[in-house]
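Since the structure comes first, as structure tokens, the remarks are kept for the end.
Residue numbering restarts at 1 for every chain, and letters A, B, ... go by the order of the sequence lines.
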Amino acid sequence: MSRYNPKEVEPKWRSRWNEAACFNAQTASDKPNYYVLEMFPYPSGRIHIGHVRNYAMGDVIARYKKASGYNVLHPMGWDAFGMPAENAAMQTDSHPAKWTYANIDAMRDQLKRMGLAIDWTREFATCDPEYYKQQQCLFLDFWRRGFAYRKESYVNWDPVDQTVLANEQVIDGKGWRSDAPVERRKLSQWFLKITDEADDLLAALDDGRLAGWPDNVKLMQRNWIGKSKGLTMKFRFADGTSQHLPPHEFEGGLEVYTTRPDTLFGASFCAVAPDHPLAAHYAHNDPELQAFIAESLKTGVSEEAVEKAEKRGFLLPAQVTHPFEDRRLPVYVANFVLMQYGTGAIFGCPAGDQRDLDFAHKYGLDILPVVLPPDADRATFKIDDEAYVGPGTLYNSGFLDGLSIEDGIAAAITEIEAMGWGEGTTQYRLRDWGVSRQRYWGCPIPAIHCDKCGIVPVPEKDLPVKLPEEADFSVPGNPLDRHPTWKHVDCPACGGKGTRETDTFDTFVDSSWYFARFAAPAPDAPVDKTAADYWLPVDQYIGGIEHAILHLLYARYFTRLMKKCGYLSVDEPFANLFTQGMVVHHTFRDENGDWLLPEDVVVEKGAARRADTGAPVTIGPIEKMSKSKRNVVSPEAIAETYGADAARWFMLSDSPPERDVEWTDAGVDGAWRLVGRIWDTVCPAKGLLKKVDLSRPAADAAEKSMRQATHGAIAGVTDDIENFRFNKAIARIYEFLNVLKKTPDVDDWARAEALASLTQMIAPFTPHLAEECWETLGGNGFVCDAPWPKANAALLARDTLVLGVQVNGKRRAELEVAVDADNETVEKLALSAEGVKRHIDGKTVRKVVVVPGRIVNIVAN
RNA sequence: GCGGACGUGGCGGAAUCGGUAGACGCAACAGACUUAAAAUCUGUCGAGGGUAACCUCGUGGGGGUUCAAGUCCCCCCGUCCGCACCA
């Protein structure tokens, strides 16, 4: 028996798969189709062990589905635009394209060495002009149909990266990548009208279209979209307080949005956001107000933590009238009102809203309770420091008195609508998607600015708008904007002088439709419709939970737009979603604060030092592996020593796939031992499949226990793979292997069945080893083409089973009984069992509970 | 603050419907092989007590429902994630 040598075996099978084009998806096939896709990687330079885990999971599914008779599409590509390439260009004085393509070459090579069942013929990078040309086509289509527009707006400006960030890229007031405090700037930006689709994006979360998605992701998206129903109404300005207001902006009054119109009778003030036009109007001649506004805007974005709870306001000269009662309400500028949500103005009901209550306390405003809690006494119920937001009955509320909150809301809306002061409306937290980035390394937005014609689309015949090859990356800012020639072009409409749009797309645009391009590449269109209809939606999408909101929401939105434009027929891109956990590791920094690779650090007794110099090292928190913090573990050393199979096996062992795992070096040995054990088990059976005809019925009925183990394993492993329980599938394979080892004397037929099944079951996990075993056993063709074994139901049934017997809920004995034994027999046997007799001796048996096939419990005292 | 998930041996984790807690792996320990080491193989491995058979305790803490609770209910503690002045 020769020792298994992955260094020889693994490359051999990879080249054989390659020659046979084993994993290329069929364009025409009568098999059912299955599209499995992992979120494509950013080409950061090297793959790390987290990538291995991610792609190994998809590979298990791909190989399992292929063996199960599907025409499988499992493609790979590169999310290749983005800032790191540009930063690298700045630092190394090279070009982002060069850096990116070099990284892609290196990572493709590494991924290929993992033995993934990928159709590499469909590979592309989003920075390929053929891809981004089609993206520009899509955009022109969207623009033409009114899904894209420009608007002047405040943006989140990252002062370090010198770029605009989406709201969702701002975390705690800081840039998601740079960690620098974000500033506000006003720029003219491109937007996609994702809010138009908010309702359908939300509805699909609940109506079964996303039944294959995890609940937590759906919940996050639901919260992100943040739909609320309420009333938009105008509070009329009181006589004599509005004569200086610009009439076109404030005609009819001050517009506010509320979800609680039932509390209108409790209103004691109105407030507008610091950046509301009304505030701006009065600030014009009021330096004090100007200062207040400036202060509020600053804290609003960057230092919310500092003055978190403090509600501050500035009283305006204007007053408004109450819609139902003859009284006036003061109007404030308040730092806790947000311009971006609703109308940027509110009415305050201190009794029913904590913020309003805090504000009322501070400025001495009336606090009139209007909701009486169910068990409260209206004579004594009072609001002190806590607003009442619970259920109850309306009171102190004129025509709403006695109504529930729900009925009160409806009645108030009806009344306001009848008065013509406003109407019931729906609001979303979700805002339109700003897609402009002031960067070089992205897909150019195909538009031309002309003094005469305004903004003109680039004609399709002129696409792609390619990035200029020469660019200056030596200073921050947008290299496209300062390029000497690139942006100067003729206006396609009038032929006069024009300038190109120098913004490029947010890279989330690139990743919003790549799955469609993989499935349906076409030379002259974004997608080939027939192929897209065949493959989409993606049957199984796999990726990190960190993309639960942004990427997944944008991709869902894009799919809807592409459907509206006739490119696709589905509106949901991903039928089933699995969010795998991340591989995490401690971060390490040396005395200078520089990040260190784990392989350069030695940790002993909780203290860390550099492997080379012995200098002390600070152990940082456990974080997701990322290139920037260098807490990455390279799979190369592992693959070099133990082979790709051991690395794959190890990454899928032990931990449930959805959970984060902390990387430890310790366990790889176990995976390597497994590889050796399987090889040692298979080797002595060389050529067995040539001797035995497994298609004929079993030779000997006496081998039932071996066959039961085999078929039990098949059933279990199959079920576990189907349900993404790879760790359990692996545990079952170990169990089966243990059984095989403990039953050396079985006939050839049963042994052949066991070993063939074992080989097939490990094939999705350790594909090279499986092929080598298959060949050794004398199997036909590739094991990856062999049909997945089917568990025989007759062999899963047992004749006897072992029942636990409890006395007063504590296990005292075990019984082996026939599966079909009746309760009386079981009860009799249980009562006479040795361990049981000891515990009921001298007691009276009060009750015997027999749960067939599960347990017996004897109650005695 | 709001919403969600989770808490099981030294470690990762298993336990499908409320039914024998700790499968499987890692680490550790002991033994075999070896001049020796590595590799491999065999065995032990929740805690406490007992020569042993076996007994007691045990799934973050406290209470409850039940013949029976890791699992269900209530309260508390802790960890993680998402959102965070959303009117």
Side-chain angles (χ1 to χ4, degrees), chain A residues 3 168 172 214-217 219-224 226-228 230-231 256-261 263 271 273 299-300 304-305 308-311 334-338 340-349 352-356 358-359 427-431 545-546 548-549 622 649-650 653-656 658-662 664-674 676-677 680 719 723 725 727-738 741 802-815 834-835 838-839 846-851 853-860:
Chain A
R3 203 175 146 84
E168 43 273 49
D172 290 336
D215 289 339
N216 63 336
V217 173
L219 184 69
M220 278 190 240
Q221 294 217 344
R222 195 173 297 125
N223 292 340
W224 189 261
K227 180 176 181 170
S228 74
L231 167 71
V256 306
Y257 173 72
T258 178
T259 54
R260 293 294 301 277
T263 65
T299 56
E304 64 185 70
K308 201 168 180 172
E310 243 238 304
K311 307 275 176 278
N335 65 346
F336 65 92
V337 180
L338 301 177
Q340 308 93 303
Y341 185 76
T343 61
I346 60 156
F347 78 78
C349 173
D353 183 290
Q354 193 59 45
R355 292 160 303 178
D356 297 347
D358 295 345
F359 193 81
Q427 290 287 339
Y428 299 92
R429 207 192 79 105
L430 183 72
R431 286 164 223 154
I545 186 77
E546 68 272 24
I549 298 170
I622 294 170
W649 181 268
F650 177 51
S653 304
D654 294 347
S655 286
E658 68 277 8
R659 208 172 293 181
D660 286 354
V661 285
E662 189 186 350
T664 56
D665 293 327
V668 205
D669 284 340
W672 171 238
R673 255 195 304 271
L674 177 276
R677 276 178 68 189
D680 292 349
D719 189 51
N723 291 291
R725 294 184 297 240
N727 57 321
K728 284 184 66 185
I730 282 174
R732 283 186 204 274
I733 291 171
Y734 274 112
E735 277 175 334
F736 182 47
L737 203 55
N738 291 340
K741 173 156 262 168
V802 177
L803 279 186
V805 183
Q806 300 179 328
V807 177
N808 293 330
K810 291 202 171 94
R811 186 181 68 99
R812 299 299 181 187
E814 274 182 1
L815 279 185
E834 225 11 79
R838 204 168 37 237
H839 285 91
R846 301 285 175 194
K847 189 173 176 184
V848 179
V849 183
V850 180
V851 185
R854 291 209 174 264
I855 205 158
V856 181
N857 191 14
I858 296 159
V859 187

Worksheet item: Given B/rC85, B/rG82, B/rU20, which nucleotide is nearest the side-chain atoms of A/Glu814?
Response: B/rU20

Practice prompt. Give the minimum heavy-atom separation between A/Asp654 and A/Asn727, together with the two atoms involved.
Written response: O-ND2, 3.2 Å

Response to the item:
The salt bridge (Lys or Arg N to Asp or Glu O under 4.0 Å) partners of A/Arg846 (sequence neighbours excluded) come to none

Worksheet item: Which part of the nucleic acid, if any, lies within reach of A/Val802 when heavy atoms closer than 4.0 Å are counted: base, sugar-phosphate only, or nothing?
Response: base

Worksheet item: Does A/Ser653 have any side-chain contact (heavy atoms from CB on, under 4.5 Å) partners at least two apart in sequence or in another chain, and if so, which?
Response: A/Trp649, A/Ile730

Worksheet entry | Distance between P atoms of B/rA14 and B/rC6 (Å, rounded) | 12 Å

Response to the item:
Contacts of A/Gln354 meeting side-chain contact (heavy atoms from CB on, under 4.5 Å) (sequence neighbours excluded), chain-then-number -> A/Leu357, A/Asp358, A/Glu386, A/Ala387

Practice prompt. Output yes when at least one side-chain N/O atom of A/Arg429 is less than 4.0 Å from OP1 or OP2 of B/rA84, else no.
Written response: yes

Do any N or O atoms of the protein come closer than 3.5 Å to N or O atoms of nucleotides 63-67 of chain B, and which pairs are they?
| from | atom 1 | to | atom 2 | distance (Å) |
| --- | --- | --- | --- | --- |
| B/rC67 | O2' | A/Asn857 | ND2 | 3.0 |
| B/rC67 | O2 | A/Asn857 | ND2 | 2.8 |

Item to complete: Find the distance A/Ile545:CD1 to B/rC83:C1' and express it as a whole number of Å.
Response: 14 Å

Practice prompt. Determine the contact category for A/Asn738: base if any of its heavy atoms lies under 4.0 Å from a base atom, sugar-phosphate if only primed atoms, P, OP1 or OP2 are that close, otherwise nothing.
Written response: sugar-phosphate

Discussion item. Would the base of B/rC24 count as contacting A/Lys728 through its side chain, where contact means a donor and an acceptor less than 3.5 Å apart?
Written reply: no

Practice prompt. Go along nucleotides 39-55 of chain B 5' to 3' and tag each nucleotide: B for a protein heavy atom under 4.0 Å from its base, S when only backbone or sugar atoms are that close, - otherwise.
Written response: SSSS-----------SS

Discussion item. Between B/rU20 and B/rU16, how many Å separate the two P atoms, rounded to a whole number?
Written reply: 9 Å

Worksheet item: Expressed in whole Å, how much space separates the C1' atoms belonging to B/rC85 and B/rG78?
Response: 28 Å

Worksheet item: A/Arg854 has an atom CZ; how far is it from atom P of B/rG18, in whole Å?
Response: 10 Å

Where do N or O atoms of nucleotides 5-13 of chain B meet protein N or O atoms at under 3.5 Å, pair by pair?
| from | atom 1 | to | atom 2 | distance (Å) |
| --- | --- | --- | --- | --- |
| B/rG12 | O2' | A/Ser655 | OG | 2.7 |
| B/rG12 | N2 | A/Asp654 | OD1 | 2.8 |

Worksheet item: So what does A/Gly670 touch, heavy atoms closer than 4.0 Å: a base, only the sugar-phosphate, or nothing?
Response: sugar-phosphate

Worksheet item: Within the structure shown, what part of the strands sits under 4.0 Å from A/Leu219 by heavy-atom distance: base, sugar-phosphate, or nothing?
Response: sugar-phosphate

Discussion item. Checking A/Ala345 now: which residues fulfil side-chain contact (heavy atoms from CB on, under 4.5 Å) with it, not counting sequence neighbours?
Written reply: A/Leu254, A/Val256, A/Val272, A/His276, A/Thr343

Discussion item. Between B/rG70 and B/rU51, how far apart are the two P atoms, rounded to whole Å?
Written reply: 31 Å

Practice prompt. Examine the side chains of A/Tyr257 and A/Ser228 and answer whether a donor and an acceptor come within less than 3.5 Å of each other.
Written response: yes

Response to the item:
Applying side-chain contact (heavy atoms from CB on, under 4.5 Å) to A/Ile855 and not counting sequence neighbours gives A/Gln806, A/Val851

Worksheet, complete the sentence: A/Ile855 has its side chain closest, among B/rG3, B/rA23, B/rG19, to B/rG19

Discussion item. Using whole Å, what does the distance between atom P of nucleotide B/rC26 and atom CH2 of A/Trp649 come to?
Written reply: 11 Å

Fill in: Candidate pair A/Arg725 and A/Asp719, rule salt bridge (charged side-chain N to carboxylate O under 4.0 Å, His left out), full reasoning
CA-CA 8 Å; A/Arg725 294 184 297 240; A/Asp719 189 51; 2.8 Å; yes

Worksheet item: With sequence neighbours excluded, what pairs up with A/Arg812 under the salt bridge (Lys or Arg N to Asp or Glu O under 4.0 Å) test?
Response: none

Worksheet item: How long is the line joining CG of A/Asn223 and C1' of B/rG82, in whole Å?
Response: 8 Å

Worksheet item: Nearest to the side chain of A/Thr259, which nucleotide is it out of B/rC17, B/rC83, B/rA87?
Response: B/rA87

Worksheet item: Taking atom C1' in both B/rA69 and B/rG19, what distance in whole Å separates the two?
Response: 10 Å

Fill in: salt bridge (Lys or Arg N to Asp or Glu O under 4.0 Å) against A/Lys227, all qualifying residues, sequence neighbours excluded
A/Asp199

Response to the item:
Syn within 90° of 0, anti beyond: B/rG9 is syn

Practice prompt. Using the C1' atom on both, measure B/rC83 against B/rC45 and round to a whole Å.
Written response: 46 Å

Using nucleotides 57-62 of chain B, report all nitrogen or oxygen pairs with the protein that are shorter than 3.5 Å.
none

Worksheet item: Separation of A/Ile730 atom CD1 from B/rA23 atom C1', in whole Å?
Response: 15 Å

Worksheet item: Expressed as a whole number of Å, how far does the C1' atom of B/rU8 sit from that of B/rC57?
Response: 15 Å

Response to the item:
A/Arg811 meets the salt bridge (Lys or Arg N to Asp or Glu O under 4.0 Å) criterion, sequence neighbours left out, with A/Glu814

Discussion item. Is the phosphate of B/rA87 approached by A/Tyr257 (side-chain N or O, under 4.0 Å from OP1 or OP2)?
Written reply: no

Worksheet entry | Between B/rG7 and B/rG61 - P atom distance, rounded Å | 13 Å

Discussion item. Is it the case that the side chain of A/Asn857 and the backbone of A/Val848 share a donor-acceptor pair, with hydrogens and angles ignored and the cut-off at 3.5 Å?
Written reply: no

